[in-house]
Amino acid sequence: MTRRPAASLGLAACVVTSANAQPYSSDVGRWNAQDAIDLIPPGGIVFVGSSSIRRWEQLTRDFNDYRIIQRGFGGSQLEDLNFWVNELVLSYQPTAVVVWSGTNDLSSGETGIEVFNDYLTFVGLVQAQQPDVDIFYLGVTPTPANDSTTIERDTANGLIEAETLTDPKQHYVDLPTPFYALNPPAGPDFTALYV
């Protein structure tokens, strides 16, 4: 039996402790346990992000022509996704990833440029291991709760959309435009979507 040097055991303990102390470790642990019981074959489409993904209750029915892996964790930000990218995305060896995240980032005070940089980090992490995966980013949509982030939201969406035009494996899905057509965000047409 090969023994690890004490220093490497200490480092391994720090890594495990660090991961277990991270937000959403219980969500990730639950998915890992489920996956151990019911193995998911490679080649599906991972939908990942915050509560917009987690609460999309008809997701698998809406995309019933595809093998969908739903991995939304409420309240999360892109940096959380980047931390858990191996467990939530790369471990499934997907053919495509759909990302709906950024609203919580902006609401917590991040700028549009910071959201864009976190998106670039995500793309880099995915493409470093699986360069052929298509990445679809669903633009950050306006809601009554995030009306104060309009400028930063438009900045993030604009930068991400421009980035996707430079790479055939990246795609921007313009969700904000139809939402803006329901102006004002506090009006009855808009808020009816949330009833």
Side-chain heavy atoms of L125 within contact of N82, under 4.5 Å: yes

Separation of D80 CG from N104 CG (nearest 0.5 Å): 9.0 Å

Joint hydrophobic cluster, L81 plus L120, side-chain heavy atoms closer than 4.5 Å: yes

W100-V133 co-clustered via ILVMFWY side chain contacts under 4.5 Å: no

Pairs flagged by salt bridge (Lys or Arg N to Asp or Glu O under 4.0 Å) wherever residues 31-43 is involved - sequence neighbours left out: D35-R71

CD on E163 to OG1 on T166, rounded to 0.5 Å: 4.0 Å

Aromatic plane relationship, F47 with F63 - under 30° parallel, 30 to 60° tilted, over 60° perpendicular: tilted

Considering all heavy atoms, the nearest G75-S50 contact: N-CB, 4.4 Å

Intermediate values then yes/no, side-chain contact (heavy atoms from CB on, under 4.5 Å), Y172 and N157: CA-CA 9 Å; Y172 176 78; N157 286 334; 3.3 Å; yes

Euclidean distance, D167 CG relative to I135 CD1, rounded to 0.5 Å: 7.5 Å

Within one Ile-Leu-Val-Met-Phe-Trp-Tyr cluster: V126 and I68, side-chain cutoff 4.5 Å: no

Donor-acceptor pair between D174 and T177 side chains, under 3.5 angstrom: yes

Hydrophobic cluster membership, Y66 vs V98, 4.5 Å side-chain cutoff: yes

Side-chain donor-acceptor contact under 3.5 Å, D27 with W84: no

Heavy-atom neighbours of E57 CD exceed 12 at 6.0 Å: no

Heavy-atom closest contact (S76 atom, G49 atom, distance): OG-O, 3.4 Å

Verdict with supporting geometry, W56 and D62, side-chain contact (heavy atoms from CB on, under 4.5 Å): CA-CA 10 Å; W56 192 341; D62 291 340; 2.8 Å; yes

Any side-chain heavy-atom pair of V99 and F136 under 4.5 Å: no

Candidate pair I53 and V48, rule side-chain contact (heavy atoms from CB on, under 4.5 Å), full reasoning: CA-CA 6 Å; I53 295 295; V48 70; 5.8 Å; no

N/O donor-acceptor pair under 3.5 Å between D105 side chain and L78 backbone: yes

Nearest atoms (heavy-atom pairs only) where Q93 meets P42: CB-CB, 3.7 Å

Short side-chain donor-acceptor distance under 3.5 Å, Q130 and Y92: no

Note, V89 side chain near P94 side chain (heavy atom, < 4.5 Å): yes

Stepwise side-chain contact (heavy atoms from CB on, under 4.5 Å) check, V115 with T111: CA-CA 6 Å; V115 170; T111 65; over 6 Å; no

Hydrophobic cluster membership, I45 vs L138, 4.5 Å side-chain cutoff: yes

Separation of L106 CG from T155 OG1 (nearest 0.5 Å): 9.0 Å

Distance-only polar pair, side chains of Q127 and D132, donor-acceptor under 3.5 Å: no

Side-chain heavy atoms of E110 within contact of F116, under 4.5 Å: no

Rounded distance [0.5 Å steps], NE2 in H171 versus OH in Y137: 15.5 Å

Heavy-atom closest contact (S101 atom, Q77 atom, distance): OG-C, 3.7 Å

Where at least one partner belongs to residues 146-169, residue pairs that pass ring pair (Phe, Tyr, Trp, His ring centres under 6.0 Å), sequence neighbours excluded: none

CG on L59 to CD on Q70, rounded to 0.5 Å: 4.5 Å

Exam field: side chain R153 to backbone G102, donor-acceptor pair closer than 3.5 Å: no

